[in-house]
Amino acid sequence: MTTADVLSPNTGGTTMPVKPPKRRIPGWLKGAIWGLLAVGVLAIASYATGVNTLTSTNTAHTALRLALPILLCALGGLWAERAGVINIGLEGMMILGTWGAAWGAYHGGVWAGLIAAVVFGALGGLLHAVATVTFNVNHIVSGVAINLLGLGVAKYLANLVFTPLSGNPRQSPPVPKFDTYSATFLSDWLSDLEKMQRVFISDLAGILNGLVTEVAPLTMIAIALVPISYFVLWRTRFGLRLRSCGENPVAAESLGVKVYLHKYVAMIISGGLAGMGGASLVLLAGGADYLENQTNNRGYIGLAAMIFGNWRPGGLLGGAALFGYADGLQLAGGGTAVLALLYGAVILLAVIVAVQLFRRQWIASALGVVGAVALYAIYWTNDDLPSDLIPYTAHFVTLIVLAVASQRLRPPKAIGATYRRGED
């Protein structure tokens with residue numbers, strides 16, 4: 001027999017087969033499968049449209065740099081919202097991080113800049129915690145206030161500190177950048193594979209080459225923070241207690257969990273991660289020095305990446321990669337490359353429609369067909385996209401992805417809820 005037999009008290013002691021539990025695919029394997037599927041779609045689109053930029057080394061390298069601030073803000077949102085605090089103030093904390101990074105790096109080097117960015121971002125997180133946890137201010141209102149305050153404080157400090165140095169209140173003087181390192185032997189081999197122009201193999205080689213070429217220490221730290229966050233939040237006693245504050249703080253308090261303390265710690269970490277995201281805009285090679293409005297709403301996109309990832313570290317990593325790729329593609333290839341990406345989206349929608357038809361999900365299939373036809377019509381009728389729309393590629397992708405992913409989201413149960421110690 002393939003199933004175990006056990007006695008059932010409801011059937012007079014007769015035996016009933018017990019089905020073995022279904023084997024679930026590990027999360028990392030699911031991510032790898034989705035990643036290979038994405039490369040396959042991009043490879044087909046690149047071959048069909050003749051636009052090699054879709055999977056070039058330069059595009060992947062640019063996408064990695066632009067995905068880092070989104071990834072770090074998404075991780076910041078994960079820590080806050082798993083503790084039950086909605087943090088739409090990530091943008092303001094990130095802005096504080098950009099100013100802190102420039103100020104610290106100018107006076108003490110790149111590592112001092114990184115530490116200053118984390119501290120300034122953490123201060124923003126602490127302020128949000130005081131407002132929402134201690135004084136029970138509405139989380140959305142407090143987050144909006146943090147965004148406005150972060151922008152105002154950064155402008156004031158830049159005018160006060162940077163104007164005598166650079167002569168421009170909206171820009172810092174030149175600051176040092178992180179050194180970069182490349183896996184030389186691996187990079188040379190991948191470059192040879194990319195030049196062979198073989199479908200999928202060369203495309204995969206180009207993307208991987210962009211991920212191992214000119215990598216900064218901050219990049220490695222940011223990527224390492226994804227498994228570290230998973231381990232701390234899901235595999236430690238502290239993480240279990242912190243997540244219980246976002247699921248049921250009253251029950252957590254009854255079990256001896258210090259809810260206020262855990263929420264404060266989560267918010268300080270959240271702000272520090274957002275500040276680190278701001279530092280990645282200033283301290284990475286290829287990026288600008290401090291500029292006013294430098295974040296360009298990446299804090300909100302990081303929040304969207306976290307929601308897309310269903311409040312899980314692996315999922316938000318995929319969301320950050322998607323949004324960073326869309327942003328990097330428009331910089332590396334312009335409107336032609338974005339149009340080729342639309343062609344790839346049509347292919348992906350065709351696969352999704354086939355899966356939905358197999359599941360007999362007729363409405364979802366019909367919506368997928370409508371979407372695919374609309375995207376193909378845009379691709380077919382345009383040789384290029386308007387230059388005014390191209391910089392907003394990542395924002396459009398954010399809206400579309402959130403609309404598609406909204407049906408499977410499961411946020412923490414007590415997220416945004418008012419909590420007072422000792423009350424039911």
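Keep in mind that what you see is a predicted model, and the values were worked out from it rather than measured. Start at 1 with the first residue, then count along the sequence.
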For Lys155, what residues pass the salt bridge (charged side-chain N to carboxylate O under 4.0 Å, His left out) criterion, not counting sequence neighbours?
->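 So Lys155 forms a salt bridge (charged side-chain N to carboxylate O under 4.0 Å, His left out) with Glu292.
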With respect to Leu71, which candidate in Leu64, Thr219, Val226, Leu273 satisfies the side chain to side chain contact (heavy atoms under 4.5 Å, CB included) definition?
->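 Of the listed residues Leu64, Thr219, Val226, Leu273, the side chain to side chain contact (heavy atoms under 4.5 Å, CB included) partner of Leu71 is Val226.
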Tell me whether [X] contacts the main-chain N or O of [Y] through its side chain, where contact means a donor paired with an acceptor under 3.5 Å.
{"X": "Glu91", "Y": "Asn297", "answer": "yes"}
{"X": "Asn138", "Y": "Val141", "answer": "yes"}
{"X": "Ser270", "Y": "Ala266", "answer": "no"}
{"X": "Lys263", "Y": "Ala83", "answer": "yes"}
{"X": "Ser254", "Y": "Ala251", "answer": "yes"}
{"X": "His262", "Y": "Leu242", "answer": "no"}
{"X": "Asn147", "Y": "Ile88", "answer": "yes"}
{"X": "Thr418", "Y": "Asn136", "answer": "no"}
{"X": "Ser182", "Y": "Thr213", "answer": "no"}
{"X": "Ser142", "Y": "Val137", "answer": "no"}

Restricting to non-hydrogen atoms, name the atom on [X] and the atom on [Y] that form the minimum distance, rounded to 0.1 Å.
{"X": "Pro227", "Y": "Ile223", "answer": "CD-O, 3.1 Å"}
{"X": "Thr59", "Y": "Ser56", "answer": "OG1-OG, 2.9 Å"}
{"X": "Ser46", "Y": "Val51", "answer": "OG-O, 3.0 Å"}
{"X": "Ala340", "Y": "Ala45", "answer": "O-CB, 3.9 Å"}
{"X": "Gly206", "Y": "Ala60", "answer": "O-CB, 4.2 Å"}

Between Arg241 and Glu247, is there a salt bridge with N-O shorter than 4.0 Å?
->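 No.
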Sequence neighbours excluded, every pair satisfying side chain to side chain donor-acceptor pair (under 3.5 Å) that has a member inside residues 276-290 |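 Side chain to side chain donor-acceptor pair (under 3.5 Å) check on residues 276-290 returns Lys177-Asp289.
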Side chains of [X] and [Y] in contact at under 4.5 Å (non-hydrogen atoms):
{"X": "Tyr325", "Y": "Leu42", "answer": "yes"}
{"X": "Met94", "Y": "Pro69", "answer": "yes"}
{"X": "Phe308", "Y": "Leu409", "answer": "no"}
{"X": "Thr134", "Y": "Tyr260", "answer": "no"}
{"X": "Arg410", "Y": "Trp311", "answer": "no"}
{"X": "Leu281", "Y": "Leu68", "answer": "no"}
{"X": "Thr55", "Y": "Val39", "answer": "no"}
{"X": "Pro313", "Y": "Leu233", "answer": "no"}

Gap between atom CG of Leu157 and atom CH2 of Trp103 - 0.5 Å precision |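 Reported value, rounded in 0.5 Å steps: 9.5 Å.
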So how far is it from Leu339 CG to Leu375 CG, rounded to the nearest 0.5 Å?
->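 Those atoms lie 10.5 Å apart.
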So, do Tyr47 and Phe200 have ring centers that fall under 6.0 Å from each other?
->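 No: the rings miss the under 6.0 Å criterion.
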Do Trp99 and Phe162 have ring centroids that are under 6.0 Å from one another?
->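 Judged by ring-centre distance (under 6.0 Å), Phe162 and Trp99 do meet the cut-off.
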Does Arg235 make a cation-pi contact with Tyr230, if we ask for NZ or CZ under 6.0 Å from the ring centre and within 45° of the axis?
->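 Output no; distance or angle outside limits.
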Check whether NZ of the Lys or CZ of the Arg Arg312 lies under 6.0 Å from the centre of the six-membered ring of Trp234 and within 45 degrees of that ring's axis.
->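 So Arg312 does make the cation-pi contact.
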